There are 2 protein chains.
Amino acid sequence: MNTKKYCPLDHTMNLIGTKWKPIVLFHLLDGALRSGVLQKKVPGISNKMFTQTVRELEKDGLVERIVYPVVPPKVEYGLTERGKSLKTILLSLDSWGANDTSNKLV
Amino acid sequence: MNTKKYCPLDHTMNLIGTKWKPIVLFHLLDGALRSGVLQKKVPGISNKMFTQTVRELEKDGLVERIVYPVVPPKVEYGLTERGKSLKTILLSLDSWGANDTSNKLV
DNA sequence: TAACTATAGCACTTTTAGGTAAGTTATTGT
DNA sequence: ACAATAACTTACCTAAAAGTGCTATAGTTA
């Protein structure tokens, strides 16, 4: 028996409710990317926050980390099936922002 | 001429990319609510964060603050048209979390 | 042999988010 | 007279998030 009542958005916010996670996930929608390439696509993120963000996304099963045993290191990040299920939401978020009036007028 | 390139999700994240904003907005989807009622619907939020959150949402034109000049005070919050345009996204976020497997199995 | 590479970890500091408790308001009911 | 009320506001403090700079790795190329 579960005594905790359902709290709207609670689960979702715990998984992707941070500043960087949706942005990182968004850039993986078109396919896996090398670590450095992905990081460059996220303007303003620090090295530390990037690592921390993808680590959490990996822990939560939203992204997959593929390590190639070469030197210098090569690591790719891609969406898992669970991560891909966010596609609609991520595209909606982006297109909302792109179409929102204040984005154009200010 | 605008020299800044378009950064996906940047605008969206600036407006609603915090822990509390999506939750507050979600609870207003069915119509305006009195301040106290709305706050009770957001579990775990402190009085201070609630006030701060709705103030920012108001500043950004996503919610409307309606003050009734009575004593004791009566204040209602409702979505603006701009706020209502988030409806699809908010519902998607909620239903994603509700259907996400790990939410059931863990 | 020394520099370069891509990725990430670590220690340290700063910045921001957030919590707690108190005070403010003006009218109504006791 | 005074307590109760709803919605804040402020001051003060702690905890969490995030930035900065340094380190390690090991094979390839100059």
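Fair warning: this is a prediction, and the values are worked out from it, not measured in the lab. So you know, we letter chains A, B, ... as the sequences are listed, proteins then strands, and number each from 1.
- For the pair A:Lys48 NZ and C:dT14 C1', the interatomic distance rounds to 11 Å; values are reported in whole Å.
- Per the geometry, CD1 belonging to B:Ile45 stands 8 Å off P belonging to C:dG19, to the nearest Å.
- The nearest whole Å value for the distance from the NZ atom in A:Lys74 to the C1' atom in C:dA8 is 18 Å.
- If you take OH of A:Tyr68 and C1' of C:dA8, they are 18 Å apart, rounded to a whole angstrom.
- Atom CZ in A:Phe50 sits roughly 14 Å away from atom P in C:dA6 (whole-Å rounding).
- Between A:Asn47 atom CG and C:dT7 atom P the separation is 10 Å, expressed in whole Å.
- When the nucleotides C:dA8, C:dT7, C:dA26 are ranked by their closest atom to the side chain of A:Arg34, C:dT7 comes out on top.
- Between the C1' atom of C:dT16 and the NZ atom of A:Lys19 lies a distance of 11 Å, rounded to the nearest Å.
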Without placing hydrogens or testing angles, list every side-chain donor-acceptor pair under 3.5 Å for residues 50-60 of chain A, not counting sequence neighbours.
unit_1	atom_1	unit_2	atom_2	d
A:Thr51	OG1	A:Asn47	O	3.1
A:Thr53	OG1	A:Met49	O	2.6
A:Glu56	OE1	A:Lys21	NZ	3.1

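- Two residues, A:Thr51 and A:Pro73, neighbour DNA chain C, and the one matched to the more 5' nucleotide by heavy-atom proximity is A:Pro73.
- Using a 4.0 Å cutoff to heavy atoms of chain A, the contacted part of DNA chain D runs 5' to 3' from D:dA18 to D:dG27.
- When distances are taken from the side chain of B:Trp20 to each of C:dG18, C:dT7, C:dA26, the shortest belongs to C:dG18.
- Within the 4.0 Å cut-off from OP1 or OP2 of C:dT20, not a single side-chain nitrogen or oxygen of B:Ser46 is found.
- Residue B:Tyr77 is in sugar-phosphate contact alone, with no base atom involved, counting any heavy-atom pair closer than 4.0 Å across all strands shown.
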